[in-house]
Amino acid sequence: MTSTDKERIMDMKSAAKKAKEASWILAESSSAEKNSALMRISAALELRINEIISANEIDLDRSAKEGISKPILKRLAFGEQKIREIIEGIQSLVSLADPVGKTLMATELDKGLDLYRVSCPIGVIGIIFESRPDALVQISTLCLKSGNTVLLKGGSEARETNKILAEIIEEAVKGHSIPDGWIHLVETRDEVKTMLELESHIDLIIPRGSNEFVRYIMDHSHIPVMGHADGICHVFVDQTADVEMAVSIAVDSKTQYVAVCNAAESLLVHEKISKEFLPKLKEAMDKKNVTLRGCDRTRNIINAEIATDADWKTEYLDYILSIKIVDSLDEAIEHINTYGSHHTDAIVSGDESSAQRFMNRVDSGGVYWNCSTRFADGFKYGLGAEVGVSTSKIHARGPVGLEGLVTYKYKLIGNGNIAADYAEKRKTFTHIRKV
């Protein structure tokens, strides 16, 4: 290990320690202080749009020369429109209720002995995310609003953009009630390795990436992990579907923005509607230059490439869609639960009982009826953007916004009460629920 590597590891440990100390202070920050900081961040980003775009162009240029794939390049692009959308997202975040300090439960244990369950920040969150610069802004502002400090590791493709964004955010709030050290940009793999070992300073790791990547993080850290895996999303066209609606939803789910985790990768079609639906789908997808890969039954109806077993478990993030004809709703559900990533899956159906069965049995964070999978997004849900989409089943599931970034603590307020009084039957608990 070189001396530079050792210095980076020491810097990482120091940053995590500062973040931990800052988390205790930030946990007590008022809503007004946090909202004021968010507005300063919004204004600072607006003032420095040209600097951000210039940094992003450096990243795009270098990545293109390095042969980075088109889907990654599309995620990496951070032009004026995206920046303004992010600024708008911060402003909407300000209008949301503070998730910290909410009384979730209140119980009188006895006269003069009251128990409260109150929401509070998680503490220090380490987030490892892909090459989307907008994710850095969304994640850091959500953490600030929810009272958490944050260690951020973005994709190396976005290093210049991430640097300028982290610098703008940190400088915008410096000296304005928000503690120093609340945000830190992690830049190397060695620092990530060190981060995973700092369970005494970091309270939660959120990795965004493939299943293999999330599993690697879980296997190499004792810190709790909230998995944000890949998005193998499905649209199932049931036999009672309105064909025009189904085509519209399938096209939007696949092509509205292909390089994101909530874009549909597989389309399942009930055999009883397949001959009517598939030719119309093919015509619509051809206009969008989508490559179709189908099962043998699909290829008997429309011209498509051969789909292999690998296609059913592939996140393309590109203009490619795999298609399978199924004989029943139950077969569609089984396929989704077997090959999907438990992210977001939709049914297009005119039958409510079929739709309800689908939504009850499909084991995903988001299950939709007659709408596009592209709605799986924290901003669209009104959550104030998201740190990612959780495919796990504990604490938070689906788009993780403010509510997913808080936990709770119990506060017990008494007046000289002692447990011995109750153990020796001098007093008895009333256990009167108030909230």
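- A salt bridge (Lys or Arg N to Asp or Glu O under 4.0 Å) check over residues 131-144, counting only residues at least two apart or in different chains, returns the pairs E130-R132, R132-D134.
- Applying the side chain to side chain donor-acceptor pair (under 3.5 Å) test to every pair with at least one member in residues 70-80, sequence neighbours left out, gives these pairs: E80-R84.
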Please output the side-chain donor-acceptor pairs of residues 401-414 that fall under 3.5 Å, not counting sequence neighbours, one pair per line with the distance.
residue : atom : partner : partner atom : Å
E403    : OE2  : K102    : NZ           : 3.3
Y410    : OH   : R117    : NH1          : 3.0

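- The shortest side-chain heavy-atom distance between E331 and L268 does not fall under the 4.5 Å cut-off.
- Here E108 pairs with K111 under the salt bridge (charged side-chain N to carboxylate O under 4.0 Å, His left out) rule; sequence neighbours left out.
- With sequence neighbours excluded, the residues forming a salt bridge (charged side-chain N to carboxylate O under 4.0 Å, His left out) with K34 are D98, listed by chain and number.
- Looking at T188 and D190, their side chains never bring a donor and an acceptor atom within 3.5 Å of each other.
- No hydrogens or angles considered: nothing links the side chains of N262 and Y257 as a donor-acceptor pair under 3.5 Å.
- The list of ring pair (Phe, Tyr, Trp, His ring centres under 6.0 Å) pairs with a residue in residues 415-435, not counting sequence neighbours, reads Y422-F429, F429-H431.
- Applying the side chain to side chain donor-acceptor pair (under 3.5 Å) rule to K18 yields no partners; only residues at least two apart in sequence or on another chain are considered.
- With sequence neighbours left out, E197 forms a side chain to side chain donor-acceptor pair (under 3.5 Å) with no residue at all.
- Scored by the salt bridge (charged side-chain N to carboxylate O under 4.0 Å, His left out) test, D421 finds R426 as partners (sequence neighbours excluded).
- Screening residues 167-182 for salt bridge (Lys or Arg N to Asp or Glu O under 4.0 Å), with sequence neighbours left out, gives R48-E167, R48-E171, K174-D180.
- Among residues two or more places apart in sequence or in another chain, the ring pair (Phe, Tyr, Trp, His ring centres under 6.0 Å) test is passed with H234 by H335.
- Pairs of residues two or more places apart, or lying in two chains, that qualify as side chain to side chain donor-acceptor pair (under 3.5 Å) and include a residue from residues 153-165 are N56-T161, D59-T161, S131-E157.
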